[in-house]
Amino acid sequence: PERDVCVWNARLLGLVQSGFPDRFSLLFLQMRLHGTAPDSVTIIGLTQYVTELKDLDLVKGAHAFTVHVGMLNNVSLMNTVISAYGKCQT
């Protein structure tokens, strides 16, 4: 069966929210190699993942990816990005 972005998002967000953020990057890479384009939910998950790692450079990378895919107008996504910066500035 073909996996669409909703199936990928369910798996990705499940990993982050269940305490397995270390597996997120591999699954995200698999999704991209599969040719599935991320949506705002995917990028929210990506931002939550890098926030868990407390790595400011990765937060900047997630923000840059948000710009690259043209999702700056998504309020929920941008709130997640702003929150990530705040949590990594400690």
Side-chain angles (χ1 to χ4, degrees):
E2 190 69 24
R3 291 183 189 163
D4 66 5
V5 71
C6 293
V7 173
W8 286 106
N9 286 342
R11 294 182 67 201
L12 288 164
L13 294 173
L15 288 173
V16 172
Q17 294 170 356
S18 298
F20 300 103
D22 54 318
R23 298 179 188 170
F24 183 97
S25 57
L26 179 59
L27 190 61
F28 182 75
L29 178 61
Q30 288 175 351
M31 181 190 95
R32 299 296 288 146
L33 291 173
H34 185 263
T36 304
D39 64 6
S40 61
V41 176
T42 313
I43 300 173
I44 287 172
L46 173 66
T47 305
Q48 290 174 344
Y49 160 65
V50 298
T51 302
E52 289 288 321
L53 299 176
K54 304 273 190 231
D55 187 323
L56 184 58
D57 288 332
L58 290 177
V59 170
K60 289 178 181 179
H63 185 186
F65 187 69
T66 302
V67 172
H68 176 73
V69 296
M71 293 193 190
L72 289 175
N73 293 330
N74 185 299
V75 174
S76 295
L77 177 53
M78 292 315 299
N79 284 338
T80 303
V81 170
I82 291 167
S83 176
Y85 275 112
K87 291 177 182 176
C88 290
Q89 294 283 343
T90 58

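- Inter-residue side-chain proximity for L27 and R23 is flagged as unmet; no heavy-atom pair is nearer than 4.5 Å.
- From H34, atom NE2 reaches atom CG of L29 across 13.0 Å, with rounding to the nearest 0.5 Å.
- Clustering ILVMFWY residues whenever any of their side-chain heavy atoms sit less than 4.5 angstrom apart, transitively, puts L58 in the very cluster that holds L56.
- Note: the hydrophobic cluster containing L53 also contains V16 (ILVMFWY, side chain heavy atoms under 4.5 Å, direct or indirect links).
- Rounding to the nearest 0.5 angstrom, the gap separating the CD atom in Q30 from the OG atom in S25 is 10.0 Å.
- Linking Ile, Leu, Val, Met, Phe, Trp and Tyr whenever their side-chain heavy atoms come within less than 4.5 Å puts V67 and L77 in one cluster.
- Between the T36 side chain and the R32 main chain, no donor and acceptor come within less than 3.5 Å of each other.
- Across M71 and M78, no two heavy atoms sit closer than the pair O-SD, 4.3 Å.
- Between the side chain of T42 and the backbone N or O of D39 there is at least one donor-acceptor pair closer than 3.5 Å.
- A pairwise comparison of heavy atoms in T51 and A84 identifies OG1-CB, 3.0 Å as the closest pair.
- Residues in residues 42-69 take part in these ring-ring contact (aromatic ring centres under 6.0 Å, His included) pairs, two or more places apart or across chains: F24-Y49, H63-Y85.
- The shortest side-chain heavy-atom distance between L12 and F28 falls under the 4.5 Å cut-off.
- If you check the side chains of S76 and N79, you find no donor sitting under 3.5 Å from an acceptor.
- Looking only at side-chain heavy atoms (C-beta outward), T66 and V81 come within less than 4.5 Å of each other.
- Separation of atoms CG (L46) and CE (M31) is listed at 9.0 Å; rounding is to 0.5 Å.
- Follow the hydrophobic side-chain contacts under 4.5 Å out from I82 and you never reach I43; the two are in separate clusters.
- Of all the heavy atoms in D55 and C88, the pair that sits closest is N-SG, 3.9 Å.
- With hydrogens and angles ignored, the 3.5 Å screen pairs a side-chain donor or acceptor of D4 with a backbone N or O of V7.
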